[in-house]
Amino acid sequence: MAGAVCVTLGFAGATASAWADRAGRARARRDHRRLGPLWSAMRAALPEIELVPPERLFGGRRGRRRGDVRFALYRRIIEIRDGQLALRPHLHPAVPRWVAEVVGPADAEELAAVVEAAAIAAGLEAARAGHRFPVGPGEGCVPHPVPADLREEAAWLVKVAAAYTGSPAVAHVRGRVRGELGRAAVQR
């Protein structure tokens with residue numbers, strides 16, 4: 001019995017890093033998929049944020065090497081952050097106030113994710129219309145500070161992506177920006 005326990009523990013110890021690697025790849029694949037809607041919306045409006053296309057990077061079709069999923073997630077995070085930087089001139093200064101009108105009292109982290117998602121949505125609407133706002137972004141439109149760790153950055157952006165696709169406050173802000181830009185286009 002003791003020999004079987006020793007063999008089992010030895011096998012578990014020898015393969016622990018492989019199981020951890022597999023779990024990390026599964027988490028990266030899940031996060032990559034969850035960031036898809038946000039990334040797709042940003043890339044549609046700002047195609048210049050996409051880094052070297054994977055076909056050119058891996059040759060022909062997308063190759064599957066060990067680590068590709070983590071690399072793809074890392075690329076997606078960089079491209080989303082590049083998109084946020086490109087959207088800065090298009091951010092409406094009233095976004096945090098508009099979000100507060102809809103959300104009301106909420107957890108600070110949840111509110112920050114909704115504000116960041118709403119700022120992206122408003123910036124994308126203004127960028128598509130070719131409109132820049134003369135004043136800088138309002139207080140609170142600055143991306144939430146996240147520790148420089150891929151896992152934590154991915155977890156934060158997953159929250160932002162979830163708010164981008166499912167928050168009524170983001171839909172409200174998107175409608176307000178469309179309404180303002182529609183009136184501005186009529187006045188020109």
Chi angles and distances behind the side-chain contact (heavy atoms from CB on, under 4.5 Å) call for Leu38, Ile80: CA-CA 8 Å; Leu38 177 62; Ile80 288 171; 4.2 Å; yes
[X] versus [Y], closest heavy-atom pair with distance:
| X | Y | answer |
| --- | --- | --- |
| Thr165 | Pro37 | CG2-CB, 3.6 Å |
| Ala169 | Val102 | CA-CG1, 3.7 Å |
| Val95 | Ala119 | CG1-N, 3.7 Å |
| Leu111 | Val103 | CD1-CG1, 4.0 Å |
| Val170 | Ala163 | CG2-O, 3.4 Å |
| Ala86 | Leu46 | CB-CD1, 4.1 Å |

Stepwise side-chain contact (heavy atoms from CB on, under 4.5 Å) test for Glu116 and Trp156: CA-CA 10 Å; Glu116 193 166 327; Trp156 173 253; 3.1 Å; yes
Kindly indicate whether the side chain of [X], heavy atoms from C-beta on, has any atom under 4.5 Å from the side chain of [Y].
| X | Y | result |
| --- | --- | --- |
| His131 | His90 | no |
| Arg174 | Tyr164 | yes |
| Met42 | Gln84 | yes |
| Val160 | Val114 | no |

Donor-acceptor pairs are to be reported for all side-chain atoms of residues 122-129 against protein atoms at under 3.5 Å, with residues two or more places apart or in another chain.
| from | atom 1 | to | atom 2 | distance (Å) |
| --- | --- | --- | --- | --- |
| Glu125 | OE1 | Arg178 | NE | 3.0 |
| Glu125 | OE2 | Arg128 | NH1 | 3.4 |
| Glu125 | OE2 | Arg178 | NE | 3.3 |
| Glu125 | OE2 | Arg178 | NH2 | 3.0 |

Hydrophobic cluster identity match, Leu85 and Ile78, side-chain contacts under 4.5 Å: no
Pro89 backbone acceptor or donor facing Arg132 side chain under 3.5 Å: no
Stepwise side-chain contact (heavy atoms from CB on, under 4.5 Å) check, Val69 with Leu73: CA-CA 6 Å; Val69 175; Leu73 175 63; 5.7 Å; no
Reported CZ-to-CZ distance for the pair Arg81 and Arg76, which is rounded to 0.5 angstrom: 15.0 Å
Gap between atom CG of Asp82 and atom CZ of Arg43 - 0.5 Å precision: 14.0 Å
Near-ring test His92/Trp98, centroid separation under 6.0 angstrom: yes
Can a salt bridge be assigned to the pair [X] and [Y] using a cut-off of 4.0 Å between side-chain N and carboxylate O?
| X | Y | value |
| --- | --- | --- |
| Glu153 | Lys159 | no |
| Arg75 | Glu79 | yes |
| Arg176 | Glu101 | yes |

Residue pairs fulfilling salt bridge (Lys or Arg N to Asp or Glu O under 4.0 Å) with at least one residue in residues 28-40, sequence neighbours excluded: none
